[in-house]
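Report on the following structure.
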Amino acid sequence: MAVRTLKDLLADGVEGRGVLVRSDLNVPLDGAEITDAGRIIASAPTIKTLVEAGAKVIVTAHLGRPKGEADPTLSLAPVAVRLSEELGRNVQLAGDVVGSDALARAEGLTDGDVLLLKNIRFDPRETSKDDAERAQLAAALVELVGDDGAFVSDGFGVVHRKQASVYDVAKVLPAYAGDLVATEVDVLAKITGDAVEHPYAVVLGGSKVSDKLAVIEALAPKVDTLVIGGGMAFTFIKAQGSPVGDSLLQDDMIDTCKDLLERFGDVIHLPHDIVVADKFAPDASTSIVKTADGFTEGMGLDIGPGSVERFAAVLTGAKTVFWNGPAGVFEFDKFAAGTRGVAEAIVTATAGGAFSVVGGGDSAAAVRALGLADEAFSHISTGGGASLEYLEGKELPGLSVLEVNA
Ligand SMILES: Nc1ncnc2c1ncn2[C@@H]1O[C@H](COP(=O)(O)OP(=O)(O)O)[C@@H](O)[C@H]1O
Ligand SMILES: O=C(OP(=O)(O)O)[C@H](O)COP(=O)(O)O
């Protein structure tokens, strides 16, 4: 894929120009406190490079999944503070997304200034399925950087989204891949196609069940082992005929899971025991239930100890491992053992020479929350869903839109 990079933009000249940067600053929060700043830290170098080159930098990003309207719990204010610390300079936070305050602030920027727009998903046009609506928001973003502006796509975690600030804006401004996007793509290319060393294990978990179930179809034929834990597992367990109480469930995909189990049953590994909680809380009462028995009350919040052991056994023997999605609700100590077991098995595999990639905001946060060093893995990716879609070989709108004729 030929894309223009940050180096090309610097060669084109950025001093005094408005540059719109799409970053993925979607960090986990506990109230207004950032619990893992990994994505902010990973996004800072591209912004810093532009600042040092004298650009007027306007950063746009999302936090969570607001429903197209302002949600004070999803304000980027804590992110602006943390990004300021990372850059060593003040980052202004606009009072709106592309409204009069953002426009006035954008016009007032001097060379090297950084402005962060309000959560872009507060504007319903960002995620609209209507091309014209997204194009309208893209046009408003372009107005902020002016006619000689440029666009830098650096939010790797969102390149699989056909959204206004990821895709549409790249069609109307000279567009470049930021350093983070370029690095992520280089690493993932090492574990696609013929480059993959086998046994190749993919571990899936987490809570974005509908997004990620869709990926399995394409990934299953490419891998030797597909370990499924976290909220992902329950639709499969239900498909096997066991009740799963109030666990996360994607009802409309039970038949798909049945079909996947029929075709790829030898590759897919499901937990055979589950930690069931009476409520979604850190002080919940728990019991270990055999998956085959199922449960009608409570919810599964972690894989059980027997599953950890079995999963660890297959993972330690792998030569390539990709992991996205925690095996349980690791944020609560009682449900962190499954994620710890999976993480430690991947660390052991890595120490034994395997190439390992951990992808996703929460998965990366889990690794750090468990006290494991980033260096214990070959690569920690900022994108979970984006990495998965890249690995399945799908065209990612936010990357293909950057392609230029070489
Ligand atoms: N059994 C489960 N039930 C509900 N939520 C779960 C379960 N297992 C894991 N999770 C949650 O999944 C979230 C992460 O999911 P996801 O966003 O898909 O991962 P990532 O950000 O790494 O891509 C975590 O906040 C974790 O608490
Ligand atoms: O957290 C993200 O993705 P991930 O959980 O797949 O790593 C990205 O910020 C994308 O968010 P989205 O899945 O709400 O589009």
Side-chain angles (χ1 to χ4, degrees), residues 22-30 35-36 38-40 42-43 61-67 74 79 119-121 126-127 154-163 165-167 184 203-213 215 228-237 244-250 271 274-277 279-282 284 286 298-304 307 322-339 342-343 357-369 380-391 396-398:
R22 178 42 159 119
S23 298
D24 182 357
L25 304 175
N26 187 23
V27 287
L29 291 173
D30 184 3
T35 53
D36 183 79
R39 279 181 168 153
I40 301 175
S43 301
H62 74 283
L63 193 60
R65 291 177 167 178
K67 305 265 174 283
L74 296 174
V79 171
N119 188 338
I120 187 82
R121 290 188 183 170
E126 168 69 357
T127 54
D154 207 37
F156 178 70
V158 283
V159 291
H160 58 319
R161 303 292 183 213
K162 193 174 181 180
Q163 297 178 350
S165 69
V166 178
Y167 174 79
E184 296 267 25
V203 187
L204 293 181
S207 57
K208 290 182 180 171
V209 182
S210 60
D211 282 10
K212 291 169 189 175
L213 274 177
V215 174
I228 298 178
M232 290 279 297
F234 297 100
T235 310
F236 282 97
I237 294 170
V244 296
D246 296 324
S247 306
L248 266 190
L249 190 65
Q250 191 73 32
I274 297 291
V275 182
V276 178
K279 57 182 176 182
F280 189 91
T286 62
M299 58 196 78
L301 295 187
D302 198 8
I303 57 172
S307 306
F322 178 81
W323 171 31
N324 169 246
V329 181
F330 72 94
E331 294 92 339
F332 301 155
D333 287 347
K334 276 195 172 175
F335 309 107
T339 304
V342 164
V357 178
V358 182
D362 290 302
S363 306
V367 160
R368 297 183 193 116
I380 306 246
S381 169
T382 54
S387 296
L388 276 173
E389 292 194 18
Y390 185 93
L391 293 182
L396 306 185

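Computed from a predicted model, the values in this text were never measured in an experiment. We're numbering straight along the sequence, starting at 1. Order of listing sets the numbers, starting from 1, for every ligand and every atom in it.
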Nearest-0.5 Å distance that lies between atom [atom1] in [X] and atom [atom2] in [Y]:
X	Y	atom1	atom2	result
E184	T382	CD	OG1	3.5 Å
M232	K208	CE	NZ	13.0 Å
L25	R39	CG	CZ	9.0 Å
D36	D362	CG	CG	9.0 Å
I274	F234	CD1	CZ	4.0 Å
K212	L388	NZ	CG	6.5 Å

Output the list of atoms in ligand 2 that are nearer than 4.0 Å to some heavy atom of [X], sorted by atom number.
X	value
R65	12 (P), 13 (O), 14 (O)
R161	12 (P), 13 (O), 15 (O)
D24	8 (C), 9 (O)
N26	1 (O), 2 (C), 8 (C), 9 (O), 11 (O)
R121	11 (O), 12 (P), 14 (O), 15 (O)
G361	7 (O)
G360	7 (O)
G384	4 (P), 6 (O), 7 (O)

Closest protein heavy atom (residue, atom, distance) for [atom]:
atom	value
atom 17 (O) of ligand 1	D362 OD2, 3.3 Å
atom 6 (C) of ligand 1	V329 CG2, 3.6 Å
atom 10 (C) of ligand 2	G157 O, 3.4 Å
atom 5 (O) of ligand 2	K208 NZ, 2.7 Å
atom 7 (C) of ligand 1	G231 N, 3.5 Å
atom 11 (O) of ligand 2	H62 NE2, 3.4 Å
atom 24 (C) of ligand 1	E331 OE2, 3.3 Å
atom 15 (O) of ligand 1	S207 N, 3.0 Å
atom 22 (O) of ligand 1	S363 OG, 2.6 Å
atom 6 (O) of ligand 2	G385 N, 2.7 Å

Exercise for the section: Could you walk me through whether L391 and V357 pass the side-chain contact (heavy atoms from CB on, under 4.5 Å) test, one step at a time? Expected result: CA-CA 11 Å; L391 293 182; V357 178; over 6 Å; no

Practice task
Keeping the roles fixed (side chain from N26, backbone from G64), state whether a donor-acceptor pair exists under 3.5 Å.
Solution key: yes

Handout entry: Selection from G328, G300, G229 by shortest heavy-atom distance to atom 9 (C) of ligand 1
Key = G328

Fill in the blank from the handout: Near K208 (heavy-atom distance under 4.0 Å), the atoms of ligand 1 are 17 (O), 18 (O)

Are [X] and [Y] packed together at the side-chain level, in the sense that at least one heavy-atom pair is separated by less than 4.5 angstrom?
X	Y	result
W323	V367	yes
D24	H62	yes
P397	V166	no
R368	I380	yes
P66	N119	yes

Problem - Close approach, F234 and ligand 1, non-hydrogen under 4.0 angstrom - result: yes

Exercise for the section: Return yes or no for this condition: an N or O of H160 is under 3.5 Å from an N or O of ligand 2. Expected result: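 It does not: no N or O of H160 is found under 3.5 Å from an N or O of ligand 2.
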
Problem - Option among K67, R65, R161, R22 that satisfies the salt bridge (Lys or Arg N to Asp or Glu O under 4.0 Å) test with E126 - result: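 Only match with E126 under salt bridge (Lys or Arg N to Asp or Glu O under 4.0 Å): R22.
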
Problem - Q163 heavy atom under 4.0 Å from ligand 2 - result: no

Handout entry: Min heavy-atom dist E389 to ligand 2 below 4.0 Å
Key =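 Contact check E389 vs ligand 2: negative.
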
Exercise for the section: Compute the shortest N/O to N/O distance between K212 and ligand 1 and return yes if it is under 3.5 Å, no if not. Expected result: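 Yes, there is a polar N/O contact under 3.5 Å.
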
Problem - ligand 1 N/O within reach of G384 N/O, cut-off under 3.5 Å - result: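 No, G384 has no N/O under 3.5 Å of an N/O on ligand 1.
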
Practice task
Look at E389 together with K162 and state whether they make a salt bridge at an N to O cut-off of under 4.0 Å.
Solution key: no

